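In what follows, a single structure is set out as structure tokens and then discussed.
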There are 2 protein chains.
Amino acid sequence: MAKSTIVLDEIDRRILRLLQQDGRIAVTLLAEQVGLSATPCLRRIRRLEEAGVIARYAAVVEPSRVGLPIQAFVQVALSSHAEEVAAAFHKALAARGEVIAAYAMSGGMDYMLHVVAADFEAYADFALKALLRMPGVKETRSSFVLMALKPPGAVPV
Amino acid sequence: MAKSTIVLDEIDRRILRLLQQDGRIAVTLLAEQVGLSATPCLRRIRRLEEAGVIARYAAVVEPSRVGLPIQAFVQVALSSHAEEVAAAFHKALAARGEVIAAYAMSGGMDYMLHVVAADFEAYADFALKALLRMPGVKETRSSFVLMALKPPGAVPV
DNA sequence: CCTGAAATTGCCGCTAA
DNA sequence: TTAGCGGCAATTTCAGG
């Protein structure tokens, strides 16, 4: 996982596009579609993995199909930005599985969280009993997802 | 991709957890880790795929490593909620690769977008020239990601 | 192109309703 | 007894050299 920026040519980009669509595609098939034979194609894939361009491979699980139909985005403001407070808050976030993504943000609110829950009761429990009691939390603002127009998808390469 | 809710037992959940961590894990190895032999394990995986629990497999690409270090969440309000307007807006969104996720939301703003860009200029181009001119867009509010604390991760199963 | 390993399929046995 | 689930073995396909 080298930090350096890597130069991608058009073939690398095509490989990335295809692997984002289907992370389990056989190298043989992938190679065919980008106009290489398997060996150099595999070399490129390894290079992309080692450079950290491909962070990992994952099965994309549909939350609504595993009993988690409620999704929300929550903006959070902290009352203090002292390092210990932020660190404790980060740790508290990390321990919560329902927080599937978390970002520190610019602007009025300090964080943006993407949260899933089984129902509104479970969400309320999270928002009131867990989140609001996390270290330093001053204010939260929840919005619920009504419909996913574009489910978390591919990065344009 | 059946719509019906599917019953997951503890082994299914373990399979899902492992596949979310590593979507390319060999079935043989996966089977070992969940205490099955390869055949029934593979059968379960197929079942989860067919039920739409596993929507797809994907290589997770690090945006900052492919020249897209800027990430923003944008809330969008439409001036009209007429069906044609919304549909035209959805179509316009779909055509924009930098929008990596889009949701219709409850609350004051109608949509939440997750956007990536190469730099602020590219972001400004998107926000001013593309987004604001999309059908029905009344108001937008952008917040930038300063740091990803929890990059889009696993759904808790 | 070759070799070993993995995925996949057919077939059989066990168990619980 | 039958539907459901797991395992073994044979075959095909793939990864990696």
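Since the structure is predicted, the reported quantities are computational estimates derived from the model, not experimental observations. Within every chain, numbering begins at 1; the chains are lettered A, B, ... in the order of the sequence lines, protein sequences first and strands thereafter.
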Sorted by chain and residue number, the side chain to side chain contact (heavy atoms under 4.5 Å, CB included) partners of Ile100(A) (sequence neighbours excluded) come out as His114(A), Val116(A), Pro156(B)
Evaluation steps, side-chain contact (heavy atoms from CB on, under 4.5 Å), between Arg44(B) and Val34(B)
CA-CA 11 Å; Arg44(B) 280 165 182 266; Val34(B) 302; over 6 Å; no
Report yes or no: do Ile70(A) and Val74(A) belong to one cluster of Ile/Leu/Val/Met/Phe/Trp/Tyr joined by side chain heavy-atom distances under 4.5 Å?
yes
Determine, for Arg17(B) against Glu10(B), whether the closest basic-nitrogen to carboxylate-oxygen distance falls under 4.0 angstrom.
yes
A correct 5'-to-3' footprint of nucleotides 6-17 of chain D, with B, S and - meaning base, sugar-phosphate only and no protein heavy atom under 4.0 Å, is BBBB----SSSB
Test of understanding: with side chain to side chain donor-acceptor pair (under 3.5 Å), list the residues that count as partners of Asp110(B), not counting sequence neighbours.
His81(B)
